[in-house]
K.L.:
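I'd like to ask some things about the structure below.
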There are 2 protein chains.
Amino acid sequence: MSENIFYKLRDDIENGIVTGAFEPGERLDETQLATRFGVSRTPIREALMQLSAIGLVEIRPRRGAIVVDPAPQRVYEMFEVMAELEGMAGALAARRHTEEDSAALLAAHEKCREAAVSEDTDRYYYENEIFHRAIYAASRSGFLEEQCTTLHRRLRPYRRLQLRVRNRMKVSFKEHGEIVEAVLSGDADRAREGLRSHVAVQGDRFGDLVANLSNRERRSGRLG
Amino acid sequence: MSENIFYKLRDDIENGIVTGAFEPGERLDETQLATRFGVSRTPIREALMQLSAIGLVEIRPRRGAIVVDPAPQRVYEMFEVMAELEGMAGALAARRHTEEDSAALLAAHEKCREAAVSEDTDRYYYENEIFHRAIYAASRSGFLEEQCTTLHRRLRPYRRLQLRVRNRMKVSFKEHGEIVEAVLSGDADRAREGLRSHVAVQGDRFGDLVANLSNRERRSGRLG
DNA sequence: ATCCGCCGTCTTGTATACAAAAATCTTGAC
DNA sequence: GTCAAGATTTTTGTATACAAGACGGCGGAT
């Protein structure tokens, strides 16, 4: 089981980034990481190279790697694309879902309900992820599923912040219900629209997002 | 100027892959590449790690890297997603394009016309790429532009094959005209639809694609 | 003759070494 | 006291070394 340390390292560091253990803008010292994980610098560098290729860290020549810190504008753009891709997944899912897809989607929806009624945001956050994954899978497009999963993962920290907003969880669950209905009844257009607006950062939510982002920046002591 | 060899190596190898110098399924020997580029294995490995992260090569533990060889199904799915993203870029471009965007788009369109009337598929292939980049830029979404550029690049070899199909170039140019008109007149829906159907692999084109893919496979001596 | 297993070779994965650039500290001048 | 230039330390980028797994060939058994 000692196969390919750099895979594990990549996942560990990526996880640290999307969960916030490594903060945006933080410098990732190779030697330090090497000691921490008990390996040499070589596999650490290989992991960082992979993360830089998917845009999670930035490698500045001769000056080391830092966790990327996207501007609010950029985060908004990422949600914009995510909304479109999820809408597409919903439309495809409505047309192509199998029996197992339906079962998985309903099961995930039920878990979300439990989390929502018990007002457990952490649990809802977790079950919500499974719900969305069920949609991607039901699209029956492996490539789309991959793209969605990757982007979903990268937006994790921001989504988590968003859920904390008052009432967002209940609204979210209600939207899920409409999405489930549209997908199961094979209504591609409604599924697309449902998911697009569910994911998009519109109206008040845009303000919430920007506010959260600047809070974070103030906390980590950059920005005036 | 001897800074960061692995960037150059990554671009060189990536280029070799999308232009077909390295064939799908081909094994990329680290030592061999190192000798060829006159460097040690270390930067070669770092370049391969990056390419594996974006899905261009596959690293099998202890068995080296190979150029990924997506199944026809997967290539179709990639075009499907590309169509959606380009449609989105078109819709955003229609709403957000600036004066410079219009100028760039018209200029690119004119170059495509020249290539089309002189029936120069190679040149059209090149100008077409610039045309599509102009759309991405006009969307005024840096993230979307990046996603589109990356995917466009990965689909390069297949697009090139497609252009060779009889009359495809002239049809393509005509579709460009409609897209330009929709974008410049600010008609987001028409721009989206125009680009979606322009990029999508539908009807006859699906058969052409599959035929081309299996030709390639037969040529490289795999498959029965 | 064919198939299985063993041994040697080759290749990968990780560690270490070393040079060069960047960051930091020190010292001296104003 | 502050700033700048040089020296020192740290850190990155690349090369090399070495161990362990994968591949291929050879020989023996059936």
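Chain A is the first sequence line, chain B the second, and so forth, proteins listed ahead of strands; every chain is numbered from 1.
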K.L.:
If the test is side chain to side chain contact (heavy atoms under 4.5 Å, CB included), which one of B:Ile59, B:Val67, B:Leu51, B:Ile66 qualifies with B:Leu28?
P.N.:
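Result: among B:Ile59, B:Val67, B:Leu51, B:Ile66, B:Val67 is the only option passing the side chain to side chain contact (heavy atoms under 4.5 Å, CB included) with B:Leu28.
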K.L.:
Between B:Leu9 (CG) and D:dG13 (P), how many Å, whole number?
P.N.:
14 Å
K.L.:
Using five pairs at each end of the helix from C:dA1-D:dT30 to C:dC30-D:dG1 to define an axis, what is the angle between those two axes, to 10°?
P.N.:
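That helix has its two terminal axes inclined by roughly 10°.
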K.L.:
Before accepting this row, confirm whether a basic side-chain N of the pair A:Arg63/A:Glu58 lies closer than 4.0 Å to the acidic partner's carboxylate O.
P.N.:
no
K.L.:
So, using salt bridge (Lys or Arg N to Asp or Glu O under 4.0 Å) as the criterion, who are the partners of A:Arg27 when residues are at least two apart?
P.N.:
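Once residues adjacent in sequence are excluded, the partners of A:Arg27 under the salt bridge (Lys or Arg N to Asp or Glu O under 4.0 Å) criterion are A:Asp29.
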K.L.:
NZ of A:Lys8 versus C1' of C:dG13: gap in Å, rounded?
P.N.:
16 Å
K.L.:
Would you jot down, in residue-number order, the residues of residues 31-47 of chain A having a non-hydrogen atom under 4.0 Å from DNA chain D?
P.N.:
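A:Arg41, A:Arg45 - these, ordered by number, are the residues of the stretch whose heavy atoms sit under 4.0 Å from the strand.
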K.L.:
Taking only the side-chain nitrogens and oxygens of B:Arg63, find out if one of them lies under 4.0 Å from OP1 or OP2 of D:dC23.
P.N.:
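Affirmative; the distance criterion is met.
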K.L.:
What are the two closest heavy atoms between B:Ala89 and B:Ser139, and how far apart are they?
P.N.:
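Residues B:Ala89 and B:Ser139, closest heavy atoms: O-CB, 3.7 Å.
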K.L.:
Is a donor from one side chain sitting under 3.5 angstrom from an acceptor on the other, for B:Tyr124 and B:Ser172?
P.N.:
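Note: B:Tyr124 and B:Ser172 side chains meet the donor-acceptor criterion.
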K.L.:
Please name the residue in the list B:Arg154, B:Arg153, B:Gln50 that meets the side-chain hydrogen bond (donor to acceptor under 3.5 Å, both in side chains) test with B:Glu14.
P.N.:
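The residue from B:Arg154, B:Arg153, B:Gln50 that satisfies side-chain hydrogen bond (donor to acceptor under 3.5 Å, both in side chains) with B:Glu14 turns out to be B:Arg153.
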K.L.:
Grab the CE-C1' distance between B:Met49 and C:dT14 for me, whole Å please.
P.N.:
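B:Met49 atom CE is separated from C:dT14 atom C1' by 11 Å.
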K.L.:
Expressed in angstrom and rounded to an integer, what is the separation of B:Ile5 atom CD1 from D:dT14 atom P?
P.N.:
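Those two atoms, CD1 and P, are 5 Å apart.
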K.L.:
Rounding to a whole Å, what distance do you find between B:Ile66:CD1 and D:dC23:P?
P.N.:
12 Å
K.L.:
Between A:Arg96 and A:Asp101, does any NZ, NE, NH1 or NH2 come within less than 4.0 Å of an OD or OE carboxylate oxygen?
P.N.:
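No salt bridge links A:Asp101 with A:Arg96.
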K.L.:
What is the separation between atom CZ on A:Arg62 and atom P on C:dA20, rounded to the nearest whole Å?
P.N.:
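Checked: the CZ to P distance equals 9 Å.
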K.L.:
With a 4.0 Å cut-off on N to O distance, would you call B:Glu129 and B:Arg156 a salt bridge?
P.N.:
yes
K.L.:
Output yes when at least one side-chain N/O atom of B:Arg27 is less than 4.0 Å from OP1 or OP2 of C:dT12, else no.
P.N.:
yes
K.L.:
Is any side-chain N of the basic residue among B:Glu46 and B:Arg10 closer than 4.0 Å to the acidic one's carboxylate O?
P.N.:
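No, this pair does not count.
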K.L.:
Can you tell me the distance, in whole Å, between the CZ atom of B:Arg60 and the P atom of C:dG13?
P.N.:
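Answer to the nearest Å: 10 Å.
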K.L.:
Using atom CG of A:Asp29 as one end and atom P of D:dT9 as the other, report the distance to the nearest whole Å.
P.N.:
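Atom CG in A:Asp29 sits about 18 Å away from atom P in D:dT9.
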